[in-house]
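Working notes, structure below.
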Amino acid sequence: MFDILLKRGILPDGRTADIAIKDGLIGAVEPVIEAQAGEVIDVSGDLVSPPFVDPHFHMDATLSYGRPRINASGTLLEGIGLWGELKPLQTEEEIAERALAYCDWAVSMGLLAIRSHVDTSDEDGLKGVRALLAVREKVKPFLDLQLVAFPQDGFYRSPAARDCTIRALDMGVEIVGGIPHFERTMADGLRSVTELCEIAADRGLMVDMHCDETDDPMSRHIEQLAFETQRLGLQGRVAGSHLTSMHSMDNYYVSKLLPLMAEADVAAIPNPLINITLQGRHDTYPKRRGMTRVPEMLAHGITVAFGQDCVLDPWYSLGTADMLDVAFMGLHVAQMTSPAQMRACFDMVTANSAKVMGLDGYGIAPGCKASLVVLDASSPVEAIRLRANRLMVVAGGRIVARRGRHETALSLPGRPSNVSRRHPSGS
């Protein structure tokens, strides 16, 4: 006897299937007799997907917009400075409260796995570490929260960052981060990549490094990251986040760099909403938009996953925890408009992100975790086009969120009584 049966849902690969859930796991993906389930839910014509996954976020800063002031220039550097002003003002309780509120938003949007960087530059940053470690345990039954030890002010540039980063790892933070382009010199940046990767290798941890988040084409720390990944045997455990300098590099150098990344099995995590907002601020026109070379990376077999990065914080004044917004923006900025490319953008906020995070039991197959999202769309591309409503969110075999369809009542002579914006072909 199954606990829940979702009847006639459309899977991301286009198949129609019944999905049976028992004891928090998917028990069957095949035709199932309704009498075999305690609760039967008809999802005919609706897309049933694994949950959305955000591989790059800053939960210690989220929902802090306007405190103590607003980022007037809209630049990355002012955001970092503003974050430095906020850290001593906030308490552990405040950080935890904001983070839990964001997790509520995330669950409501079918976002059930998040990798969050947490500042480890100083003692003020460790307040965030303690708060998010507690939040991680609290949300564990319904949301996978990974934490990255992130020395926001520079592993060497901030006097306490090295010690605080190691302490954060000792406290239970499970991923090593860094920000080499923010060190005082290019040489210090390269040296930080080496030491941070060595720390990860010694501890058997993954690496996720803010890398070359700048318009400077000479910021090439990703090259060092790929080298250290191979030298230390970290293949498949390393991600370079942002990589925005690549949009300004000459094509010849990129033709060398992309094969190095592919050979080292280093993943890339662009953050479309933030990258195009923060980058190019010093340009007049033509104005660079900052996102890295996503189609070219995919062509080289590099795993690419889109991140949200920020919501209502010192760097970004918008956001709703909707990974379809991220995919929608990424699709446009990367000019990925063929059917296959648009479908790939959906993967970059689901399966690819789950791969980068190393999530166990992710997917729709017998034995996988029964964590799913039912969308008011009939295909991944339509879900992106509509930023489709999440009709139902299932976490660990339990329905945790519901929402109605996106329909508008019309009062027009001779026209339909309502409009849903779904296309008959699902496109």
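Here the structure is a predicted model, which is why all the values come from computation and not from measurement.
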Side-chain ion pair, [X] and [Y], N-O less than 4.0 Å:
X      : Y      : result
Arg289 : Asp215 : no
Arg220 : Asp212 : no
Asp313 : Arg98  : no
Lys7   : Asp42  : no
Lys127 : Glu92  : no
Arg421 : Glu407 : no
Arg69  : Glu78  : yes
Arg422 : Asp46  : yes
Arg136 : Glu174 : yes
Arg387 : Asp325 : yes
Asp18  : Arg8   : no

Looking only at atom types and distance, does a side-chain atom of [X] sit under 3.5 Å from a main-chain N or O of [Y], one as donor and one as acceptor?
X      : Y      : value
Asn275 : Gly290 : no
Asp376 : Arg390 : no
Tyr362 : Pro51  : yes
Lys22  : Met1   : yes
Asp3   : Asp23  : yes
Asp13  : Arg15  : yes
Ser255 : Tyr252 : yes
Arg281 : Gly74  : yes
Glu228 : Gln224 : no
Thr244 : Thr214 : yes

Shortest non-hydrogen contact from [X] toward [Y]:
X      : Y      : value
Pro270 : Val294 : CG-CG2, 3.8 Å
Ala268 : Met297 : CB-SD, 3.5 Å
Thr337 : Met342 : O-CE, 3.5 Å
Val207 : Ala200 : CG2-CB, 3.4 Å
Leu111 : Ala321 : CD2-O, 3.8 Å
Leu82  : Pro68  : CD1-CD, 3.7 Å

Does the ring centre of His117 sit less than 6.0 Å away from the ring centre of Phe57?
->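 Not close enough - the centres of the two rings lie 6.0 Å or further apart.
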Quick one: does [X]'s side chain get under 4.5 Å of [Y]'s, heavy atoms only?
X      : Y      : result
Asn418 : Thr408 : no
Phe306 : Ile269 : no
Ser108 : Arg403 : yes
Val394 : Ser371 : no
Ser49  : Leu372 : no
Phe52  : Val326 : no
Val32  : Ile19  : no
Asp322 : Gln308 : no

Would you tell me whether [X] and [Y] have side-chain atoms, one donor and one acceptor, within less than 3.5 Å of each other?
X      : Y      : value
Ser241 : His56  : yes
Glu97  : Tyr102 : no
Ser245 : Ser219 : no
Ser248 : Arg288 : yes
Asn251 : Arg293 : yes
Asn71  : Trp315 : no
Ser121 : Asp119 : yes
Gln90  : Ser64  : no

Could you check Val148 against Arg115 for side-chain contact (heavy atoms from CB on, under 4.5 Å), going step by step and ending with a plain yes or no?
-> CA-CA 7 Å; Val148 184; Arg115 175 181 285 182; 3.6 Å; yes
Going through the distances and angles, do Leu410 and Ser417 end up as a side-chain contact (heavy atoms from CB on, under 4.5 Å)?
-> CA-CA 5 Å; Leu410 287 183; Ser417 60; over 6 Å; no
So Asp144 and Lys369, salt bridge (charged side-chain N to carboxylate O under 4.0 Å, His left out) or not? Walk me through it.
-> CA-CA 12 Å; Asp144 289 313; Lys369 290 182 181 177; 3.7 Å; yes
So, taking the atom named [atom1] in [X] and the one named [atom2] in [Y], what distance separates them when rounded to the nearest 0.5 Å?
X      : Y      : atom1 : atom2 : value
Thr303 : Asp347 : OG1   : CG    : 11.0 Å
Ile302 : Thr292 : CD1   : OG1   : 9.0 Å
Arg343 : Leu331 : CZ    : CG    : 13.0 Å
Met291 : Thr277 : CE    : OG1   : 12.0 Å

Option passing side-chain contact (heavy atoms from CB on, under 4.5 Å) with Glu213 (candidates Leu243, Leu76, Asn271) = Leu76
Evaluate the side-chain contact (heavy atoms from CB on, under 4.5 Å) criterion for residues Met261 and Ile222: first the C-alpha distance (whole Å), next the side-chain angles of each, then the deciding distance (0.1 Å), finally the verdict.
-> CA-CA 8 Å; Met261 292 177 64; Ile222 181 58; 3.8 Å; yes
How are the rings of His181 and His221 set to each other: parallel, tilted or perpendicular (split at 30° and 60°)?
->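 His181 and His221: tilted rings.
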CA sep, side-chain torsions, deciding dist, call: His58, Phe150, ring pair (Phe, Tyr, Trp, His ring centres under 6.0 Å) = CA-CA 10 Å; His58 292 267; Phe150 176 50; 5.6 Å; yes
Evaluate whether atom [atom1] of [X] has more than 12 neighbouring non-hydrogen atoms of other residues, nucleotides or ligands under 6.0 angstrom away.
X      : atom1 : value
Asp250 : CG    : yes
Leu318 : CG    : yes
Met171 : CE    : yes

Think Lys287 forms a cation-pi with Tyr285, using NZ or CZ under 6.0 Å from the six-ring centre and within 45 degrees of its axis?
-> yes
